[in-house]
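Accompanying notes for the structure given below.
Values below: all heavy atoms of this structure, side chains included; hydrogens, waters and symmetry mates excluded. For clarity, every value in this text was computed on a predicted model and none was experimentally measured.
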Amino acid sequence: MWEFKKRRDQRGEIVQLGLRGLGCIVLFGVAILAVHAAWGMYGKLSEASGSRESTEAQLAILQAQE
């Protein structure tokens with residue numbers, strides 16, 4: 001039975017472990033980029049919201065002057 005047991009290839013295991021590690025690093029990088037993009041969108045949204053409020057206030061003043 002022992003002759004049918006697959007022999008372990010250390011080089012193949014090291015390569016496979018390296019690829020798994022590289023995959024984890026790539027996924028972590030993608031996650032960081034996604035969080036950074038979402039944070040930037042949130043900043044632009046809050047800025048636009050504040051700009052809209054001030055614009056509406058200016059419009060109300062101009063309509064009152066008219």
Side-chain angles (χ1 to χ4, degrees):
M1 274 313 247
W2 289 103
E3 63 268 4
F4 293 113
K5 186 176 180 181
K6 185 178 178 182
R7 296 182 74 189
R8 288 187 164 188
D9 183 20
Q10 287 183 351
R11 185 183 303 163
E13 288 182 7
I14 291 172
V15 169
Q16 194 174 32
L17 182 64
L19 288 175
R20 285 181 185 168
L22 182 63
C24 288
I25 291 171
V26 168
L27 285 176
F28 183 72
V30 168
I32 293 294
L33 287 174
V35 168
H36 181 69
W39 191 266
M41 271 196 311
Y42 175 74
K44 288 181 182 182
L45 180 66
S46 68
E47 181 182 335
S49 176
S51 176
R52 180 179 179 174
E53 290 173 359
S54 67
T55 304
E56 286 176 351
Q58 287 177 355
L59 178 62
I61 292 171
L62 290 174
Q63 286 177 343
Q65 287 177 357
E66 185 184 52

Worksheet item: In Å and rounded to the nearest 0.5 Å, what is the CD to CD distance from Gln16 to Glu13?
Response: 7.5 Å
Worksheet item: Rounded to the nearest 0.5 Å, how far apart are CG of Leu27 and CD1 of Ile32?
Response: 12.0 Å
Discussion item. Please check: side-chain N/O of Ser49 versus main-chain N/O of Leu45, any donor-acceptor pairing under 3.5 Å?
Written reply: no
Discussion item. Can you tell me how far apart CD (Glu47) and OG (Ser51) are? Round to the nearest 0.5 Å.
Written reply: 7.5 Å
